Amino acid sequence: MTRKEKPEDTSHTEINPTAIYLNRELSQLAFNRRVLAQAENKQIPLLERLRYLCICSSNLDEFFEVRIASLLANRIEGEHIDPPELSAALERTSIECHQIVARQYELLNKDILPQLANKGIHLLRHEDRNDAQRAWVKQYFEQNVRPLLTPIGLDPAHPFPQVLNKSLNFIIELSGKDAFGRGTAIAIVKAPRVLPRVIRLPDGLSDKKGMSFCLLSSVIHAHIAELFTGREITAYSQFRVTRNSDLWVDEEEVKNLRQALQTELQSRQFGVGVRLEVASNCPEHLAQFLLNQFSIERNRLYAVKGPVNLVRLSELVDLASVPALRFPPFSPTLPPHLQNENIFAVLKKRDVLLHHPFQSFQPVVDFIRTAAHDPNVVAIKQTIYRTGMNSDLMEALIHAAQRGKEVTVIVELMARFDEEANINWAVKLEQAGAQVVYGVVGLKTHAKIALVIRREDNALHFYAHLGTGNYHPTTTKFYTDFGLLTSHRELTAEVNEVFIHLTTLTKPRTLNHLWLAPFSLQKEIIRAIRNEALIAREGRPARIIAKMNALLDESVIRALYAASADGVKIDLIVRGACALRPGVAGLSENIRVRSVIGRYLEHSRIYYFRNDLAHDVYLSSADWMNRNLFRRIEVAFPILDKTLKKRIISEGLDPYLKDNTNAWHLNCDGVYALKKARTRQAAFSAQAYLMNTLGISTPLVEE
């Protein structure tokens, strides 16, 4: 058997698997360390540093809600992972999480908040407020907060209340007896979810050039004693519980997935507790009482020196209107050939490549909106994974359906944390007359594709959009993604075949251009990797560059290791978790891995294979993860236009390989190190370069 024919699962089998793969959870936490480093970076505007701190907390929330919850569920079920190995993984992640959290609050209290105060932005605790400010806060409490509070004294008739996932709550210990002569010692107060967590005080109560804020938790703290007339508070603490937030629905058993999900969404807020956060001054016995109540182990207790939910401080970033403390404003541009021209007329002449957020997402909205109004358009088909509560795209699809066009929308109801929004859009689309399909049982529809069918000269012509990112109005301004608008006959016909596959559930026809998961995507990726290896073995230059969010699939990693051993030069730009261990002699010495963390979230997936100067370039919605390759409907699509290929390489790959400002290099030990410009070497940021060079046309003013 030749090397080319060797099965993928037998390469390097003599090497201990734990040596050739990095731990997924620790790699994910290493990504969060890199986000935290942005909050530490004094070159970044102060309010943006605070925002990165909030993003770090949000990432940790999801890490506990999903990854830690999954590990704990595996331990209970006794499946998939060996118990000692699972316990060790939980212990390692616990240590790392505690270190990250400790650094977050140290950074907040000793660096960011003091500097904000120096700039005139004050976050005031009760002891920091003067008499006038305390009087205003008291009035605010009486008028806006107290009427919404319902303290619950715990006794047999009032058991521990249901506590929502990640909600702000208070535990209070009381002395003496209640109005009925009973010694109820513990009470729980829930903070109203309808109130803002960050409150701005009137300008007249602040310095002339400054502004003052306080937290809702501080307001409640200051007046909590007033809720218990005749009782003395001996101890209290804010607390917050993070719960398992993965929804589970037996899609093969339920008759109505949407209805089942709506029921399951109601219970998500009360999943199994996986983390408890309390104030650092919370008495030991109260913390233990809460741990027992939620059945949470002690190593998942976090006693923090500040608000238990740092994510909410993002409200302070939004409220503090100081331009000098933010990133300079940036407006995306509109490609010149799309200005004042009909989108279909343009696409008859050329493919259009859009690079977001440097170029506006508006042409994609216009593509669907124009189709909705065009009398010659007879059908529109689109996949929806994430789109948000407000979406011009969804409104355009509804309008098209109301005008009598054939509108088919594949709505992924199981898109984590977007289930409710997607259910709402599904209902509205159905009411408008659209055909709504919920994808394939057991597989998430993650592909980002849209198809417009237009009658021209008594024949039907196809126009398509294929993208690496979501059809989401907000994230398109903050995530880097590519989108292709095309009328290429063969490519658009294959897009239509994918839609037929998703609606009929029949086996898709042979696709010559698109790589479709779960059928061919992993096979084609490995085939392309092995082709580069064959080229290298025959003595010709071989090169692979791939950019993605995560790299975890073991078969793909083994193929990359084998290609490295054959001499293929491989550069991987992996934003988040990466299980591949680069730079190991005899295994991966030809592989380099870097992660770029900047102003925008790197989200595009690009696969480049030199292929004897054919320069094959594919864009995709899929990371190289087992879930994307086998448990999702994903599409990777080729860029066929040579000019657009060059653009993707020069915009999506080359700048990131040159970045010496925001690029972190992964060492073989699993540790990331920030790449810095050498002496006399100019600093280079890929994102800054793209902001400065992309979109020569007139800036588009977006609302």
Side-chain angles (χ1 to χ4, degrees), residues 35-36 38-58 104-149 168 191-224 238 240 279 304-331 474 477-478 599 703:
V35 175
L36 184 58
Q38 293 290 96
E40 296 173 318
N41 187 348
K42 298 184 184 301
Q43 302 301 312
I44 292 175
L46 194 53
L47 285 172
E48 304 295 349
R49 292 176 60 195
L50 179 57
R51 193 187 299 279
Y52 279 116
L53 199 66
C54 297
I55 293 171
C56 182
S57 285
S58 178
Q104 281 183 286
Y105 283 90
E106 179 184 37
L107 191 60
L108 177 71
N109 294 320
K110 296 183 179 180
D111 187 354
I112 294 178
L113 289 183
Q115 286 203 55
L116 284 174
N118 289 336
K119 299 292 184 180
I121 300 174
H122 305 278
L123 185 62
L124 303 174
R125 297 170 299 175
H126 177 67
E127 55 267 31
D128 300 327
R129 298 193 278 264
N130 59 36
D131 291 342
Q133 291 166 338
R134 290 184 180 184
W136 185 89
V137 168
K138 180 175 178 59
Q139 183 181 34
Y140 181 90
F141 174 81
E142 293 293 340
Q143 294 179 352
N144 298 283
V145 183
R146 181 168 185 157
L148 301 179
L149 297 178
L168 174 63
R193 288 189 292 169
V194 296
L195 292 177
R197 291 301 189 262
V198 178
I199 302 153
R200 181 169 179 174
L201 277 63
D203 290 342
L205 298 177
S206 302
D207 297 338
K208 291 182 179 180
K209 295 183 179 180
M211 58 189 77
S212 297
F213 302 87
C214 63
L215 299 177
L216 177 63
S217 57
S218 172
V219 172
I220 296 176
H221 271 161
H223 301 282
I224 204 163
Q238 56 180 308
R240 178 175 181 255
V304 300
K305 297 181 179 180
V308 294
N309 187 356
L310 288 184
V311 179
R312 292 291 196 161
L313 288 181
S314 60
E315 295 178 27
L316 175 61
V317 179
D318 296 332
L319 290 170
S321 53
V322 183
L325 302 183
R326 296 175 180 270
F327 285 130
F330 173 77
S331 296
T474 300
K477 297 176 182 178
F478 301 105
R599 172 172 177 171
E703 296 181 0

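All figures in this text were calculated on a predicted structure; none of them were measured in a lab.
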Heavy atoms from other residues, nucleotides or ligands near CZ of Phe478 exceed 12 (cutoff 6.0 Å): no
Tell me if the CD atom of Glu127 is crowded by more than 12 foreign heavy atoms within 6.0 Å. yes
State whether the side chain of [X] and the backbone N or O of [Y] hold a donor-acceptor pair below 3.5 Å, judged by distance alone.
X: Gln133; Y: Asn130; result: yes
X: Tyr105; Y: Pro307; result: yes
X: Glu40; Y: Leu107; result: no
X: Arg200; Y: Met211; result: no
X: Asp128; Y: Arg125; result: yes
X: Glu48; Y: Leu325; result: no

Distance from [X] atom [atom1] to [Y] atom [atom2], nearest 0.5 Å?
X: Tyr140; Y: Arg146; atom1: OH; atom2: CZ; value: 16.0 Å
X: Asn109; Y: Lys305; atom1: CG; atom2: NZ; value: 8.5 Å
X: Leu216; Y: Gln238; atom1: CG; atom2: CD; value: 10.0 Å
X: Phe327; Y: Leu47; atom1: CZ; atom2: CG; value: 11.0 Å

Under 3.5 Å donor-acceptor pairs involving side-chain atoms of residues 110-117, not counting sequence neighbours:
from: Asp111; atom 1: OD1; to: Gln115; atom 2: NE2; distance (Å): 2.5
from: Asp111; atom 1: OD2; to: Lys42; atom 2: NZ; distance (Å): 3.0
from: Asp111; atom 1: OD2; to: Arg49; atom 2: NH2; distance (Å): 2.7

Give the intermediate values and the outcome of side-chain contact (heavy atoms from CB on, under 4.5 Å) for residues His223 and Val137. CA-CA 9 Å; His223 301 282; Val137 168; 4.0 Å; yes
Would Asp131 and Arg134 satisfy salt bridge (charged side-chain N to carboxylate O under 4.0 Å, His left out), going step by step from the backbone distance to the final call? CA-CA 5 Å; Asp131 291 342; Arg134 290 184 180 184; 5.2 Å; no
Pair Ser218, Leu124 - check side-chain contact (heavy atoms from CB on, under 4.5 Å), show working. CA-CA 8 Å; Ser218 172; Leu124 303 174; over 6 Å; no
Would you check if [X] and [Y] make a side-chain contact, meaning some heavy-atom pair closer than 4.5 Å?
X: Leu108; Y: Leu50; value: yes
X: Cys54; Y: Leu310; value: no
X: Leu195; Y: Leu148; value: yes

Give the intermediate values and the outcome of side-chain contact (heavy atoms from CB on, under 4.5 Å) for residues Val311 and Ser58. CA-CA 6 Å; Val311 179; Ser58 178; 4.0 Å; yes
Sequence neighbours excluded, the answer for side chain to side chain donor-acceptor pair (under 3.5 Å) partners of Ser206 is Ser212
List, one per line, each side-chain donor-acceptor pair under 3.5 Å for residues 315-323, sequence neighbours excluded.
from: Glu315; atom 1: OE1; to: Arg197; atom 2: N; distance (Å): 3.2
from: Glu315; atom 1: OE1; to: Val198; atom 2: N; distance (Å): 3.2
from: Glu315; atom 1: OE2; to: Arg312; atom 2: NH1; distance (Å): 3.2

